[in-house]
Amino acid sequence: MWVPREPGQRWWQREVRRRLPVLGWLPRYSLSCLRLDLTAGVTVGLTVVPQALAYAEVAGLPVQYGLYSSFVGCFVYCLLGTAKDVTLGPTAIMSLLVSSYAFHDPAYAVLLAFLSGCIQLAMGLLHLGFLLDFVSCPVIKGFTSAASITISFNQVKNILGLQGIPRQFFLQVYETLRRIGETRSALSLPKAHPWGCAFVTSPPPIFGSPREELPASSPDTSHCRAGDAILGLSCLAALAGLRAMKNRLHPAASTEPLATRASIPLVRSCATARNALVVLAAGLVAYSFQVSGSQPLTLTGSVPRGLPPFRPPPFSKAVPNGTVPFGRMVQDMGAGLAVVPLLGVLETVAIAKAFASQNDYRIDANQELLAMGTANILGSFFSSYPITGSFGRTAVNAQTGVCTPMGGLVTGTLVLLSLAYLTSLFCYIPKAALAAVIISAVVPMFDARIFRTLWRVKRLDLVPLCVTFLLCFWEVQYGIMAGMLVSGILLLYSVARPPIKVLEQGVLLVQPGSSLHFPAADHLRDIIRDRALAASSPCFVILDGHHITSIDYTAVVGLAELLQDLHKHSISLVFCSLQDPVLRTLLAADLEGFRHFPSWEEAARCSEAELEVSRTACIDSTGESSLLPAGLIQ
């Protein structure tokens with residue numbers, strides 16, 4: 001998170017604190033923060049383990065690679081990250097990209113993580129984070145609102161216990177509504193299958209994708225659906241009730257009974273840890289069914305045990321016919337070397353900005369680049385494929401009340417423990433309970449008020465908001481990129497068509513509302529020329545430049561052409577109130593007929609004198625007056 005500079009620090013101390021954000025918050029760490037971070041870290045850890053297994057399946061890799069990709073980012077971001085809520089790890093979007101560019105080959109996937117990290121690290125060292133400032137607030141709001149709807153609806157199938165649902169959002173909506181009646185199946189299940197329900201490694205999707213989930217290859221799971229629906233809805237109700245309870249709790253007064261004063265902190269702690277408590281309770285319910293010999297719930301399933309080996313990423317690959325060299329592997333990945341790192345950065349920074357705005361802190365885009373690059377590079381030494389910020393897990397992290405990035409340390413430790421010792425315990429986590437946790441976390445991220453606010457404040461900003469919002473239902477990368485493109489076009493339009501105020505008060509007073517650059521040169525010239533030539537009497541034009549802070553060469557050329565054009569029609573053009581940089585630029589251009597006055601009043605007095613002279617003096621063929629007023633600045 002962003003930490004202000006302290007007076008008296010040397011430059012190297014400030015640089016170290018900037019590059020290691022952990023030095024900013026760690027000295028102020030407290031036991032209350034530890035309690036919140038521990039709760040959030042455990043809750044996110046309980047979410048990341050089954051998701052990691054599923055995302056590895058999407059990437060076309062063995063399931064353990066999902067867990068291999070889930071802990072290094074947590075440790076690195078704890079030291080280098082600037083957003084307290086963000087969690088790095090495998091995501092549905094990144095897994096789909098890895099599937100496309102790594103060809104379901106772990107060697108390609110790990111090398112892609114290393115090269116993506118190098119690109120992101122280089123961007124951070126070159127301070128290219130400013131490019132991410134072009135992600136505007138409407139784009140972020142559109143992204144988060146669409147993501148909230150998409151993630152929530154994507155979890156409905158887990159709540160209802162449905163399988164074989166398409167991954168594309170609109171097809172998913174259609175299929176879910178069409179098959180919602182299947183949840184009326186019986187609750188009993190024969191004892192033949194050891195887990196009761198098939199272990200399906202297809203992921204709970206975050207955003208739409210044309211791929212479809214494959215139905216389980218184990219025995220029929222239709223009997224599990226009613227149990228999943230009952231458990232999922234019960235978990236949702238419990239989470240909503242605990243959240244409402246926490247919001248309505250107030251500190252007990254000293255005059256109240258001791259039992260009341262003692263119970264309020266206990267209830268508040270339970271409400272804060274509601275996600276972990278609900279998942280734990282659901283796991284106990286599933287275990288009870290398992291012991292009784294029947295299982296009406298869809299469980300996460302088993303995970304191979306063991307820590308990943310520490311070794312460099314593969315810079316070549318052995319194949320039956322020989323060896324694929326590094327250069328050929330890079331050539332095979334092609335555009336993935338640009339798409340994967342850039343989309344990873346874009347998604348992470350968009351998420352970080354969204355949660356930083358919601359929770360009132362600032363992020364450093366360059367430092368986020370360094371954190372992501374370092375996480376991907378180090379992760380490749382532990383057989384990780386490319387990782388990025390996860391919207392769903394970040395939402396869970398924030399809603400659980402994480403206080404500092406220390407929560408990621410707890411999450412990463414839990415992933416390591418699960419790989420080494422705890423895989424058998426995670427087998428009993430019902431998918432419906434995890435779906436309820438995610439839905440409860442992301443629903444508050446939908447901001448319906450932003451549409452009404454932008455309608456009142458600036459309706460044009462609704463365009464990038466709506467473009468991002470709608471396209472994110474198709475693919476998040478297309479939504480964010482299209483929103484940024486529309487925002488850029490609107491920004492360029494404001495540069496090309498700056499506000500220009502024109503007043504006629506005996507003279508023609510023209511007041512540009514912003515700086516003049518080459519896209520606006522012809523626009524300004526046409527407005528002044530048309531209004532001046534439309535005047536019925538000899539006209540005097542004053543260009544008031546007190547809002548013009550900069551001007552480029554193309555605009556200077558346009559003003560020179562305007563001076564000549566108006567001069568041919570016996571129309572005078574003078575400048576007033578130009579700022580020093582702009583005045584120096586115009587004087588250096590040595591424009592013919594250029595005149596400048598320090599204030600509008602002096603320019604107006606000159607216009608009155610010149611117009612008076614034009615009524616009484618003879619005008620020659622060039623339109624110039626035979627007499628010039630005194631005190632004119634050439």
Side-chain angles (χ1 to χ4, degrees), residues 43-58 63 66-67 90 92 95 151-165 167 172 175-176 179-180 182-183 185 187 189 193-206 212-239 275-276 278-290 294-303 390 392-393 396 418 423-442:
T43 304
V44 176
L46 293 173
T47 303
V48 71
V49 170
Q51 283 189 345
L53 304 175
Y55 293 154
E57 189 74 14
V58 174
V63 292
L67 290 176
S95 299
I151 293 172
S152 299
F153 202 88
N154 281 341
Q155 300 303 317
V156 170
K157 65 178 180 56
N158 290 328
I159 293 286
L160 300 179
L162 300 177
Q163 298 174 10
I165 300 296
R167 220 173 271 288
Q172 188 177 81
E175 283 295 319
T176 301
R179 297 173 52 189
I180 196 170
E182 296 180 10
T183 58
S185 302
L187 286 174
L189 187 72
H193 192 263
W195 290 103
C197 291
F199 168 48
V200 185
T201 57
S202 55
I206 302 298
E212 295 188 0
E213 294 185 2
L214 298 176
S217 57
S218 8
D220 180 27
T221 60
S222 61
H223 300 286
C224 302
R225 292 167 187 150
D228 289 328
I230 294 172
L231 179 67
L233 294 175
S234 300
C235 291
L236 278 175
L239 290 168
N275 292 328
V278 166
V279 170
L280 178 62
L284 292 175
V285 171
Y287 179 75
S288 299
F289 278 115
Q290 189 67 32
S294 64
Q295 187 56 267
L297 306 173
T298 304
L299 305 183
T300 300
S302 59
V303 184
S390 166
R393 294 192 296 273
V396 172
S418 70
T423 51
S424 58
L425 299 181
F426 286 108
C427 296
Y428 296 101
I429 299 176
K431 285 189 173 183
L434 292 176
V437 169
I438 294 175
I439 292 173
S440 176
V442 300

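Sequence positions, counted from 1, serve as the residue numbers for this chain. Side chains are part of it too, since the values below use all heavy atoms of this structure and drop only hydrogens, waters and symmetry mates.
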> Could you list the residues that satisfy side-chain contact (heavy atoms from CB on, under 4.5 Å) with V156, not counting sequence neighbours?
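side-chain contact (heavy atoms from CB on, under 4.5 Å) list for V156, sorted by chain: F153, L160, T176.
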> Taking T298's backbone N and O only, do any of them form a donor-acceptor pair with D228's side chain (distance below 3.5 Å, no angle check)?
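Yes, because the side chain of D228 sits within donor-acceptor range (under 3.5 Å) of the backbone of T298.
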> Could you list the residues that satisfy side-chain contact (heavy atoms from CB on, under 4.5 Å) with A286, not counting sequence neighbours?
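Per chain and number, A286 pairs via side-chain contact (heavy atoms from CB on, under 4.5 Å) with Q295, L297, L299, P430.
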> Run the side-chain contact (heavy atoms from CB on, under 4.5 Å) test on V279 and T43 for me, step by step, so that the C-alpha distance in whole Å, both residues' side-chain angles and the decisive distance to 0.1 Å come before the verdict.
CA-CA 8 Å; V279 170; T43 304; 5.9 Å; no
> Ignoring hydrogens and angles, tell me if any N or O in the side chain of S440 forms a donor-acceptor pair with the backbone of A436 under 3.5 Å.
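The answer is no, because no donor-acceptor pair under 3.5 Å joins these two groups.
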